[in-house]
Amino acid sequence: IYVPRDERFGPLKLSDLLAYGLKTIPQVLKPELAALLVGSHNEFNNIQEVLMLYEGGIELPEGILKYIRDSIYEELFKELFRTDGGKFLKFPVPQVIQDNKSAWRTDEEFAREMLAGVNPVAIRRLQEFPPASKLDQKAYGDQTSQITKEHIEHNLKGLSIDEAIKNNKLFILDHHDALMPYLRRINTTSTKTYSSRTLLFLENDGTLKPLAIELSLPHPDGDQFGCISKVYTPSSQGVESSIWQLAKAYVNVNDSGHHQLISHWLKTHAVIEPFVIAANRQLSVLHPIHKLLHPHFRETMNANAIAREVLTNAGGIIEETVFPAKFSMEWSSVMYKNWVFPEQALPVDLIKRGMAVEDPKSSHSVRLLIEDYPYAADGLEIWSAIKTWVKEYCSFYYKNDEMVQNDSELQSWWKELREEGHGDKKDEPWWPKMQTCEELIESCTIIIWLSSAYHAAINYGQYSIGGYVPNRPTISLHFMPEEGTPEYEELKTNPDKAFLKTFTPQLQTLLGMASIEILSRHPVDELYLGQRGTPEWTTDADMLQASEDFRKKLEGIEKRIIKMNKDEKLKNRVGPAKIPYTLLYPSSEPGLTGKGIPNSVNI
């Protein structure tokens with residue numbers, strides 16, 4: 001896949017090493033090597049076997065050892081596989097099980113990760129009950145939720161459902177409408193899963209409590225007849241407790257797919273690339289907007305080229321490890337129809353999802369309805385810092401709206417970006433017209449936010465939270481066991497084995513873990529938000545000072561985040577698994593850190 005020379009990784013970069021690592025992983029998929037690795041069965045028998053991936057490693061068959069050593073650089077072999085004598089694939093211990101190996105099972109951690117996990121951008125406030133569907137009723141029948149007040153009202157602390165909605169106490173993680181049109185096809189693959197709706201209640205201490213999970217399948221007689229749904233509620237005893245754990249896992253499978261294919265690939269890698277290409281084609285390297293945005297485009301095209309070779313390609317890592325399988329990229333592409341550029345602004349997104357309301361008295365002009373929402377609280381700080389910097393920068397070069405309108409390079413960039421780069425959406429009325437300073441400032445702020453902080457929040461926690469696959473499975477191979485079947489009996493007698501058999505096939509687990517470990521790493525030469533590759537990037541002293549002020553403001557934000565993470569009243573910042581929310585720390589060391597905001601989408 002062609003990448004212009006000035007967009008490629010440098011020859012001595014760790015990024016390059018990691019990229020080669022990604023390219024190596026699919027080789028393990030070759031049938032003869034897979035058979036050597038996992039033997040005749042492709043499942044873990046118990047949780048201890050999963051933990052051995054971190055505590056001892058998997059025994060390395062000679063055939064695989066020889067194949068990989070013959071195929072890749074020695075340094076890469078050491079970096080990627082960390083062999084210890086005859087051991088193979090000994091992974092670092094993910095944060096989610098470092099302090100407590102079972103906290104991931106709790107309802108508190110399950111809910112907390114919707115606010116402070118790797119996909120904290122999907123949850124929304126519930127504003128109608130029962131939850132409705134926006135799918136075309138002629139094509140898909142009645143898709144209204146089957147969750148009733150009897151399922152949830154006894155857990156609302158004395159409130160009625162209407163009172164809970166009015167008091168902003170009910171929230172939903174809704175993976176129903178996006179999945180239902182694809183579910184029949186997805187379930188023709190090895191995947192066997194459901195669309196899902198998860199209802200949650202906001203407790204007085206700021207935490208969320210799961211109330212009910214609805215799992216749905218297309219009606220067996222045809223889409224026009226709607227869906228078949230079953231509702232599950234929390235339980236801590238007997239087989240019902242095991243069924244509740246399975247229900248949460250099906251939700252996490254859906255959320256993992258949404259995260260990887262929509263929140264991550266689509267809304268960062270894919271949508272940013274047209275901005276990069278149009279800027280290089282239409283803006284001079286001396287143009288002030290090119291200078292502003294250039295650090296945030298660094299290596300994105302190279303990263304995307306590698307992704308198209310080994311991650312998002314047919315038969316690639318995504319299709320092997322994420323539940324939509326061969327429908328993954330089609331599903332992601334269809335979801336692009338819902339993408340609206342101005343709604344990528346963090347305050348706009350939070351208001352759209354009902355997680356915040358406009359409030360001129362609040363520091364960021366929006367007020368969070370869940371005050372302890374780590375992604376949003378930290379994100380608003382970063383967003384405001386970026387916008388202040390962009391406003392100061394753009395106002396220095398564009399004194400009035402006419403200067404924006406009369407800048408031919410700027411107008412050519414915006415025209416090509418809309419009409420060619422995002423050509424499917426060229427006629428959408430929501431595009432900024434790029435006729436005012438305010439439109440320029442808001443647009444550049446969104447571009448920088450998506451390339452830096454948003455991508456960091458979505459990408460760099462993948463291993464710390466998802467590296468322990470039972471906590472965040474990406475595939476399900478079996479439907480919920482039905483009473484009276486051998487599978488149901490196994491669920492009663494050996495619930496862990498039944499869980500692992502459904503959600504953690506061994507080969508895909510190893511493949512997925514190796515991939516997200518690489519994707520979660522920072523290279524040695526990473527440039528973080530506020531940093532520049534050269535101090536002489538501009539000769540304008542005022543802008544050099546403004547850039548330094550931006551960097552210092554980010555340092556102050558990091559100190560405030562560290563302080564909030566120590567505040568025991570903010571229960572969502574650490575949670576039962578004892579994972580401090582560090583994904584929006586602006587700085588980081590190299591490696592697998594679970595923190596740091598790189599300037600660009602570069603892995």
Side-chain angles (χ1 to χ4, degrees), residues 115-116 120-121 267-268 272 289 292-293 295-296 341-396 398 432 436-458 460 528-532 542-543 545-565 567 570 572-573 581-588 595-600:
L115 303 173
V121 295
K267 291 189 174 181
T268 61
I272 284 295
I289 298 304
L292 172 67
L293 296 179
H296 307 290
F341 177 70
E343 291 178 359
Q344 307 313 300
L346 178 60
V348 177
D349 169 62
L350 292 171
I351 290 168
K352 182 188 177 189
R353 290 190 285 119
M355 303 302 289
V357 291
E358 290 186 52
D359 183 358
K361 295 178 184 175
S362 295
S363 55
H364 308 293
S365 299
V366 297
R367 177 170 55 85
L368 293 175
L369 295 179
I370 300 179
E371 187 179 341
D372 184 16
Y373 181 0
Y375 161 75
D378 298 355
L380 285 169
E381 295 271 353
I382 301 291
W383 168 270
S384 296
I386 293 170
K387 189 160 188 178
T388 299
W389 152 240
V390 171
K391 185 173 184 178
E392 196 166 345
Y393 183 90
C394 290
S395 300
F396 183 80
Y398 296 90
T436 66
C437 293
E438 184 51 46
E439 286 178 325
L440 175 62
I441 291 164
E442 182 76 358
S443 297
C444 289
T445 303
I446 291 173
I447 293 166
I448 293 172
W449 163 257
L450 289 178
S451 302
S452 59
Y454 175 86
H455 179 258
I458 296 297
Y460 290 99
Y528 297 94
L529 191 61
Q531 296 180 344
R532 289 270 171 169
D542 288 354
M543 290 303 93
Q545 184 57 51
S547 178
E548 179 63 14
D549 292 344
F550 176 46
R551 191 180 62 76
K552 286 182 178 174
K553 185 175 284 189
L554 293 171
E555 289 177 0
I557 290 170
E558 184 163 322
K559 288 175 183 173
R560 287 200 293 279
I561 295 173
I562 292 169
K563 185 178 178 183
M564 285 192 291
N565 282 346
D567 186 343
L570 300 175
N572 295 325
R573 297 208 69 96
Y581 189 71
T582 58
L583 291 173
L584 288 174
Y585 276 27
S587 69
S588 177
K595 62 182 180 179
I597 303 176
N599 269 326
S600 61

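Please read all numbers here as calculations on a predicted model, not as lab measurements.
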For [X] and [Y], which heavy atoms make the closest approach, and how far apart are they?
{"X": "G379", "Y": "L346", "answer": "C-CD2, 3.2 Å"}
{"X": "L583", "Y": "A457", "answer": "CD1-O, 3.5 Å"}
{"X": "P120", "Y": "Y373", "answer": "O-OH, 2.5 Å"}
{"X": "I351", "Y": "E358", "answer": "CD1-CG, 3.4 Å"}
{"X": "P374", "Y": "A116", "answer": "CG-CB, 3.8 Å"}

How many angstroms lie between atom [atom1] of [X] and atom [atom2] of [Y], to the nearest 0.5 angstrom?
{"X": "E558", "Y": "Y585", "atom1": "CD", "atom2": "OH", "value": "6.5 Å"}
{"X": "I441", "Y": "E438", "atom1": "CD1", "atom2": "CD", "value": "5.5 Å"}
{"X": "I561", "Y": "K595", "atom1": "CD1", "atom2": "NZ", "value": "11.5 Å"}
{"X": "S451", "Y": "L293", "atom1": "OG", "atom2": "CG", "value": "8.0 Å"}
{"X": "N599", "Y": "Y528", "atom1": "CG", "atom2": "OH", "value": "10.5 Å"}
{"X": "I562", "Y": "T582", "atom1": "CD1", "atom2": "OG1", "value": "9.5 Å"}

Has [X] got a side-chain atom pairing as donor or acceptor with [Y]'s backbone, closer than 3.5 angstrom?
{"X": "H296", "Y": "S600", "answer": "no"}
{"X": "S547", "Y": "M543", "answer": "no"}
{"X": "Q344", "Y": "L450", "answer": "no"}

Query - Counterpart residues, salt bridge (charged side-chain N to carboxylate O under 4.0 Å, His left out), relative to K559 (two or more places apart) - result: none

Report summary line: Sorted by chain and residue number, the salt bridge (charged side-chain N to carboxylate O under 4.0 Å, His left out) partners of E439 (sequence neighbours excluded) come out as none

Query raised in the report: Sequence neighbours excluded, which residues qualify as ring pair (Phe, Tyr, Trp, His ring centres under 6.0 Å) partners of F550?
Result: W389

Query raised in the report: Just wondering, more than 12 heavy atoms not from E371 lying within 6.0 Å of its CD?
Result: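 For E371, atom CD is not crowded (no more than 12 foreign heavy atoms under 6.0 Å).
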
**Report entry** H455 and Y460 aromatic ring geometry - parallel, tilted or perpendicular at 30°/60° bounds
**Finding:** perpendicular

